[in-house]
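When reading the values below, keep in mind they use all heavy atoms of this one structure, side chains included, and skip hydrogens, waters and symmetry mates.
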There are 2 protein chains.
Amino acid sequence: MKDSKIIDVAQKAKVSPATVSRVLNGSSLVTEKTQKKVLQAIQELNYTPNAMGKQLRSRRTMTLGVVVRDIRVSYNAEIIKGIENMANTLGYKILICDSQNEKEKEVELLSLLQNRTVDGLILVTPQLSDEEITSFADDEYTIGLIGRRIEHPDIPCSFTDNRRIGREVVEHLLEAGHRRMAFLCGFADATDSIERLEGYKEGLAEAGLPFLPELIDNGNFSEDAGYEAFKRIWAGSGEFTAVFAANDEMALGVYKACAELGISIPERMAVVGVDNIRITNYVEPKLSSVEQPLYEMGAALTEKLIGQIKGDEGTGPQLMQIRSTLVIKGSSGKGG
Amino acid sequence: MKDSKIIDVAQKAKVSPATVSRVLNGSSLVTEKTQKKVLQAIQELNYTPNAMGKQLRSRRTMTLGVVVRDIRVSYNAEIIKGIENMANTLGYKILICDSQNEKEKEVELLSLLQNRTVDGLILVTPQLSDEEITSFADDEYTIGLIGRRIEHPDIPCSFTDNRRIGREVVEHLLEAGHRRMAFLCGFADATDSIERLEGYKEGLAEAGLPFLPELIDNGNFSEDAGYEAFKRIWAGSGEFTAVFAANDEMALGVYKACAELGISIPERMAVVGVDNIRITNYVEPKLSSVEQPLYEMGAALTEKLIGQIKGDEGTGPQLMQIRSTLVIKGSSGKGG
DNA sequence: GTTGCCGATGAAATCGATTTCAATATAAAA
DNA sequence: TTTTATATTGAAATCGATTTCATCGGCAAC
């Protein structure tokens, strides 16, 4: 069936396209009688307004772009779900862009804003520099950030207090009797990771313990990276009884390394991760982790961003810090 | 910075919009000199062609819609990744729609095709009936299916031979010495599940074993459902030594139930799932499963669908059956 | 019976690009 | 030098809907 245009409906109903448009958009300036005629015609022709025409005229695509580094990692999937749901309730659609962890691709994707393919863009833990992002926001493009924080009046950000996470984990490990604990960073460019490291340092400082650079290593947030990083540290200075990994993936790598090296968890080595992904509850022992309300972060940011697109000014703070909670499980119980 | 239009570029370069358009689209009918002028003007104005204008005129959105039941489940995420990558290489973007497992929502989403928001729609294990889908395809709308099979000249489908999967798993279990094996179905509407059940029956029949209805139960593909289903069967007729779950999630539910009931895997009970999701390698014992090349399924279908949109006719069969492989792990070793 | 006003409708401009077709300019041929 | 063919360019139509502005009609007020 060929799809019909507004003019077809107009002709069938013996009115002008303008009137049809008014009916479609619920304008009150239409007689009940003509409205009925028009609706009848719409029904008979099985007419659906063409989105492109509508968008061009209204200069709104009702679409949000979402840039993630990899759709498959559950951290991102959960955020996307939150974004998608909120966007949908507010009448928006979402365009997913997987940057494949390439910064170059992220830069490219900003063009979606320039060419007005989307009304706004949500970047999830982006690799772009603060300058690149702010310069875009300054150009009146609508951008929102998840898992990263930039102080800018027009950039809403939704993130967790990573420093607090760092401190809290350290406190937990201290309480469990550990004095020397390693820290595995993630991407060098990830503020998440950097801030968690700072929190780790603060925690140690508060307890009057020294910060030992040899207990720090980093990787790219992947299981393999965690595995390698742990092995490096272990080979360097065997002197530690706990590991705090910047995310669960890396913590899983630690599990693997420990299994290989015959190090038992948690007796000989306590392990704590961040994100509390599903797998943490399937490994033995269950992995202690910090749960971030990812779904809520996605949803909250989306709501704010759409508000901004619609022009709601000053509806609240641009920085939305969301509280995360430490979930203690078998991998970091008392004693050790 | 206000974004500029093609007319602005035209004025700045002292040419007509038509010429600018030609330069933009690499038409060969432009003098090198004017081309230079135009490019110069484009650069100076930092001009980017507006996507909506372009789309309206060309009647192409260069966007594909993807409907999944839940973005978070890794089965879907993997498929989406394949779709996204292929779409991207071919210049397409993807609009993600999470149907929240509601059929009603799926129906709604078909409107994306009607109003031309997308050029084509990919449905991943959809809940819509064959009739609903084919009637849409008959209306010249471009639809593709993943994980489901409909015989229709205009509907490309990418799926695995579920019946074969069923037979193969049964054969494997028979070889390991099992004679009575339970089967846990998934969604009642999922052809995947139904076909696997048929394969299971065929496998039994080939071995001359009877099909026992009391060893069949079903759930909704979730871990909880698997847990409940197993408990029901167990309570009914304790007489079986292996379970074949229609997917890994349900198999994980079986693990949970067995742990509670003190049934050891694989000694007392062998377990096999389907999908070979990541968690299967983190549980103890590792879960035997059937690996489906999800990424490839997504990518292959997308390529075909875009070909169809572009008008490549008859470039191959509409039905793409992709071979899956049984991965035997600890949960179904010999003996039992 | 005019005049004035208001509510319903339509004609036409608009959004921003592409593309057809006609009109140039340029080069080649006579 | 004039004619013809060809290579560039521009004017205007187009995609499909929305929206402004003008118009028409009816009704009330004078």
Student: Taking only the side-chain heavy atoms of A:K54 (C-beta and beyond), determine which of D:dT18, D:dG10, C:dA17 contains the nearest atom.
Tutor: D:dT18

Student: Under the 3.5 Å rule, do the base of C:dG10 and the side chain of A:R22 count as making a donor-acceptor pair?
Tutor: yes

Student: Validate the cation-pi geometry between A:R116 and A:Y141: distance from NZ or CZ to the six-membered ring centre under 6.0 Å, angle to the ring axis within 45°.
Tutor: no

Student: Side chain of A:T31 only, please: which of D:dG16, C:dT9, C:dA17 is the nearest?
Tutor: C:dT9

Student: Looking for any heavy atom pair under 4.0 Å, which part of the strands does B:K14 touch: base, sugar-phosphate only, or nothing?
Tutor: sugar-phosphate

Student: From D:dT8, D:dA17, C:dA17, pick the nucleotide closest to the side chain of B:R57?
Tutor: C:dA17

Student: Side-chain N or O of A:T34 versus OP1/OP2 of C:dT9: is the shortest distance under 4.0 Å?
Tutor: yes

Student: Among C:dA17, D:dT18, C:dA11, find the nucleotide with the atom closest to the side chain of B:N50.
Tutor: C:dA17

Student: So, B:R148 and B:D192, do they make that salt bridge, N to O below 4.0 Å?
Tutor: no

Student: Of all the nucleotides listed (D:dT19, D:dA11, C:dG16), which has the minimum atom distance to the side chain of A:S21?
Tutor: D:dT19

Student: For a quick check of understanding: with a heavy-atom distance under 4.0 Å over all strands, which category does B:V15 fall into, base, sugar-phosphate or nothing?
Tutor: sugar-phosphate

Student: Report which part of the nucleic acid B:V20 touches: base, sugar-phosphate, or nothing (heavy-atom distance under 4.0 Å, all strands).
Tutor: nothing

Student: Please say whether the positively charged group of A:R72, taken as NZ for Lys or CZ for Arg, lies over the ring of B:Y295, i.e. under 6.0 angstrom from the six-membered ring centre and within 45 degrees of the axis.
Tutor: no

Student: Answer whether the closest heavy-atom distance between the side chains of B:S99 and B:V68 falls below 4.5 Å.
Tutor: no

